[in-house]
Structure formats: structure tokens, C-alpha cells
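Heads up: the structure comes next, in C-alpha cells.
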Amino acid sequence: MTEKEITLVRLAQKGDARAFGELVALHDSQVMNLAISLLGSKEDAADVYQEIFIKVFKALDNYRFESELSTWLYRITVNTCLSFRKSRGRQQIFFPKSIESDPEPLYDKPDDVQYEADSNLLQNEMSNIVKAAIETLPPQQKAVVILRHYQDKKIREIAEIMELNEGTVKGYLFRAMQTLKDKLEPYMLN
Amino acid sequence: MIKCAKYQELILLDRYGEIDEASRRALNKHLEECPICAAEKVRTDDIFQMLDKREEAEIDPEWLKSMRNQMVAHLQVSKARAKTISFDWDKIWGILRSPALKFAYSAMLLAVGFGIGKFQCAGGRGSIMPELNVGQMAGQNNQNARPVDVKSMLEDGKLRNVDLQELPDQKVQVSFQGTQEYQLVGTPEDKGIQEVLAYIMLHETNTGLRMRSLEQLSQQPDSLVQQLMIYSVLNDENEGVRLKAIRTLHNYPSSASLKQAYIRALMTDSNSAVRIEAMEGLSKMAADEQVRDILAIAAANDENDYVKLLAKNALENYEGNSGNNGMAIERLKK
């Protein structure tokens, strides 16, 4: 935690909204990125943005510099997003038909020039397929995958963020990967 | 198989760099011997390749900044709201109830009672109300501060049959039914008149009376009147009263409480004319970052296109000519 962050936290703890705004500016792109990943949409993430940071502002009095500020922010973000998703009910996932019932490769081996022309489109399509597969995971497993694979958090950090023990985090990660392998295998080139 | 399950978990953890050197050596030795786990490693590598194809959503920094500004404004407004409401009452009633003024209250009540008694002794009837000329009394005593304990003149805290008349020489006559019928005459400079008018502004349900009280008080701007105006801007249910109050506030010098009142009015008032006045008030203040942020929020999000335009122009004015005094808004309004 930098000196600047410590100063801003102390000012915000005294109710200085402007200092809090500066503090938020240091972290909100990461928080937003995590919220988009957890909720699967920018619109939903924008809905929870204010809720997350108002919770942070209100809880800041209790922050005692014992854990990393980013860990604490991530914890509030994950909890808020999981609650938000729960309150909205299970999101409807528009999943490629082949993943659900009739697995067949999305494309044949790239043996013609059309493949080059379509590669951007294909990349976009693959990205959507991966996102859809991740969306099928139970919320806790999904959060672990996103934090480990996309946010590059260590298992120890994830355990701290989600208030779980490390063994449970490893279990979630392993089960999530098995599910993703089953879902995505039909799309693998090899 | 139990052994392989353990190694398959290690394959995943190794891919994330989460195993120690001894475990890695054991894993590699096992992979050389076990075709099932070797195949699983290939499968894990493939799934990592697939997962890496997921594209991160692009976040526009301006979009993020706009949400951040809204959130900070929300916090500031909440803070200002709590502060303003409690401060007004403390200020108003703290003044009225200060020990130093108790003697003056008593003297005033005595004078009211004396006036009424004198009138009744002279054989008058209730059809003509007793008159107390607060202004004259203040002049005779060579002091211009003669407060009235309005609450003590009322039975249940309510003013009844209130009548407000403008008289020549900038005088005003206020009559009402309290514990008895009262009539006060004076100018808006007289503290007694000010306090009755303030009471009307805070408690009267009749919009016209609140508006006329506000108009009278606005002739005598002081810090107490300023607090009353801020209270009306933020709390009065009538748009016309709020508009008149916020226009009166433009006569006061910049202050933190004034700025917070303008910010809250701009962010929350349902009436666009009030929001325009709030913006004008803000544009006359020093061009600090907070004011610019609030104007930027209004420029981006206000539901009224004209308010958006004014906010945008005020911002451009700031950028082009720091330290301006809101001339762009004036020009646009004309």
C-alpha cells in the first residue's frame, strides 16, 4: 500500500468524499473489470458500481490496514456481485447449441484463405463460447476461476478475498476446470 | 487411481505456478510413467489455450470517471443533506432560545400583553386586534434587535388565521391567532418581524404565505436568512418557493454551505429552473475541481437538454477562462 493510498484512506475515514473519489480512481478499473467478469455484462456491473463503493465508504471506518486494500475491495466486490446475481435469479445463458446437446467442431481444420479472413470473427466467437461456458459454473466456482485465471490472484489471496480455506479454493478450481474441459473440448483444435 | 487424481490436481496447480519444486519433480516423474496423466496434461494445456481466447471487456475511462463522479456526488449530497437539516434547526432555535435573549423575549411578551391590556381597558372589542409596532419600539429603545418567542405565543405550535400585509414605508403587518390574536407591525429589519416570518416559512402550509414571507425576508439578507433560504431550497415542497429562495441565495458571498446547497439542488431538484439557478450559483464560485465535476455530471446526465447545454457551456467557460463569473450562463439565458 503506497503512502498516497494510506493518506487517502485516512482522509476518507474522516468523511472526505473527494479523497475517497481519488482513492476509488486508483482501483475502480480493476474492480469494474472483476464485476463485469462476475456478472457477465457491463450494464449489470454499472448497476453495482455505486453500491460497491458506497459499501466501501461506509465500511472504511472499520478498515485497520491489516489486509491489503485491494484484497478488501475485491472481497466487497465479489460479495456484492454474488448477492446481486442471487437477487436477480439465475441469468439466462444463450449458449451455443453444440455445447448443450450436439457437440461438433465449430470449424474444420484451417486449410483455405477464408480462414484468415474470418479469424477475427472466429476469435470473437470463441471468446463468446468461453464466456458462455464460464457462465454455466456455480457462482463460487466461477468467482474462483475468474480470480485465478483472469485476475491472476494466488490461491492464498483468493482464500482471503472469499473468506474460504485454501483447500476449498483448490477444490472449486479443480471442479470448475473439469467442467470447462467437458464443455469446451469439442471446440479444441487438436 | 487415487494417486492419479492427486497428480491431476497438481497438473492444474503447476500450470498456475502454485506448487513447490519437490512436487513438480514428483509430478514430472509421474507424467513420464503414466500415459493417462500425460494425456490429462495435454488436455489442461488445451483448456488454458481456450480460456485465454476470452476477451476482456473494454472499459472506457470516461465512462468510469462519470460513474465515479456520480458516486462521489451522491456521497457529498448525502453528507450535505444530513448536515443542512440538522444545522438549520440548531441555528434557528439555538438563537431563539439563547439565554442572552430570554430577557428580551420576556420584555416583548410584556409589551404585547401591556398593549393588549391597554386596548381592552379602553373598552375595545375583539373585532379590532391589538397592535404592537415592533419597529417603533425598536426605534425608541435605540436598538434594532427585539426577538419574539413565537412558540410561546402559540397554543399547539400552529399559527392560525395568518395574514400578511405590506404597508407604506417598507413596513409589514403580520397578524395571527395564537394563544390570543396578535398583530405585529415593523420592517423586515426588525428581529421580531424576521422571526415571525421565519416561523411562517418553516411551518405554514399555505404556499402563498411562505412565498410572501420569503420575499420580505430576502430584503434583509443576513446569515440567519441565508440558512432559511438554504432550508427552503432543499426542503420546500413548492417549486416557486424553492426557485425564489435559490435566487435570493445569489446575493450571498460564496461559502461552503452555499456550495453544498447548490450542488444538492443541481443534483436532486425535480424542477429544471431550480437546477439552472443552482448551476448559475456554482458557476460564480471559484472554479475548483468539485464544481467542475458536478457540472460535468449535469452536462452528461441531466434529463433536461437545456440544463445539459448550460452546464456544458459553463464548463467550457471554465476551461477557456478560469476565474470567470458565469457570464456564459447569463448570455445563454438571455
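So you know, we letter chains A, B, ... as the sequences are listed, proteins then strands, and number each from 1. Small disclaimer: the values here were computed from a predicted structure and weren't measured.
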For this session: Give the member of L173(A), L180(A), I155(A) that has the highest number of heavy-atom pairs under 4.5 Å with chain B.
Result: I155(A)
For this session: For each of I59(B), L64(B), V72(B), tally heavy-atom pairs with chain A at distances under 4.5 Å, and name the one with the top tally.
Result: L64(B)
Exercise. Quick check: are there more than 12 heavy atoms from other residues, nucleotides or ligands sitting under 6.0 Å from NZ of K312(B)?
Worked result: no
Exercise. Hey, are the side chains of D52(B) and H149(A) touching, using non-hydrogen atoms and a 4.5 Å cut-off?
Worked result: yes
For this session: Apply side-chain contact (heavy atoms from CB on, under 4.5 Å) to the pair E18(B) and R156(A), showing each step before the final yes or no.
Result: CA-CA 10 Å; E18(B) 297 246 23; R156(A) 176 184 51 75; over 6 Å; no
For this session: Please check if atom CD in E3(A) has more than 12 non-hydrogen atoms from other residues, nucleotides or ligands closer than 6.0 Å.
Result: no
For this session: Would you give the length of the straight line joining atom CD1 of I11(B) to atom CZ of F174(A), rounded to the nearest 0.5 angstrom?
Result: 8.0 Å
For this session: Check for a donor-acceptor pair, side chain of Y150(A) on one end and backbone N or O of E56(B) on the other, with a separation under 3.5 Å.
Result: no
Problem set entry | A45(A) portion near chain B, given a 4.5 angstrom heavy-atom threshold | neither
Problem set entry | Max heavy-atom pair count under 4.5 Å with chain A, selected residue of R43(B), R15(B), Q70(B), E9(B) | R43(B)
Exercise. R148(A), Q50(A), Q178(A): which one forms the most heavy-atom pairs within less than 4.5 Å of chain B?
Worked result: R148(A)
Exercise. Can you check whether L184(A) reaches L51(B) side chain to side chain, under 4.5 Å on heavy atoms?
Worked result: yes
Exercise. Heavy atoms, side chains only, cut-off 4.5 Å: are M50(B) and E185(A) in contact?
Worked result: no
Exercise. Within the side chain of K65(B), is there an N or O that forms a donor-acceptor pair under 3.5 Å with the backbone of A25(A)?
Worked result: no
Problem set entry | Side chain proximity check, K181(A) to E40(B), heavy atoms < 4.5 angstrom | yes
For this session: Flag the pair M71(B) / F57(A) as yes when at least one side-chain heavy-atom distance between them is below 4.5 Å, and no otherwise.
Result: no
For this session: With M126(A) as reference, evaluate R54(B), E55(B), K53(B) under the side chain to side chain contact (heavy atoms under 4.5 Å, CB included) test and give the passing residue.
Result: K53(B)
Please table the atom pairs, donor to acceptor, closer than 3.5 Å between any side-chain atom in residues 26-36 of chain A and protein atoms at least two apart or in another chain.
| residue | atom | partner | partner atom | Å |
| --- | --- | --- | --- | --- |
| H27(A) | NE2 | E5(A) | OE2 | 2.5 |
| D28(A) | OD1 | R68(B) | NH2 | 3.4 |
| D28(A) | OD2 | Y49(A) | OH | 2.6 |
| D28(A) | OD2 | R68(B) | NE | 2.9 |
| D28(A) | OD2 | R68(B) | NH2 | 3.3 |

Exercise. Do L12(B) and K170(A) come within less than 4.5 Å of each other through their side chains, counting heavy atoms only?
Worked result: no
For this session: Report yes if some heavy atom in the side chain of K154(A) is under 4.5 Å from a heavy atom in the side chain of Y16(B); otherwise report no.
Result: no
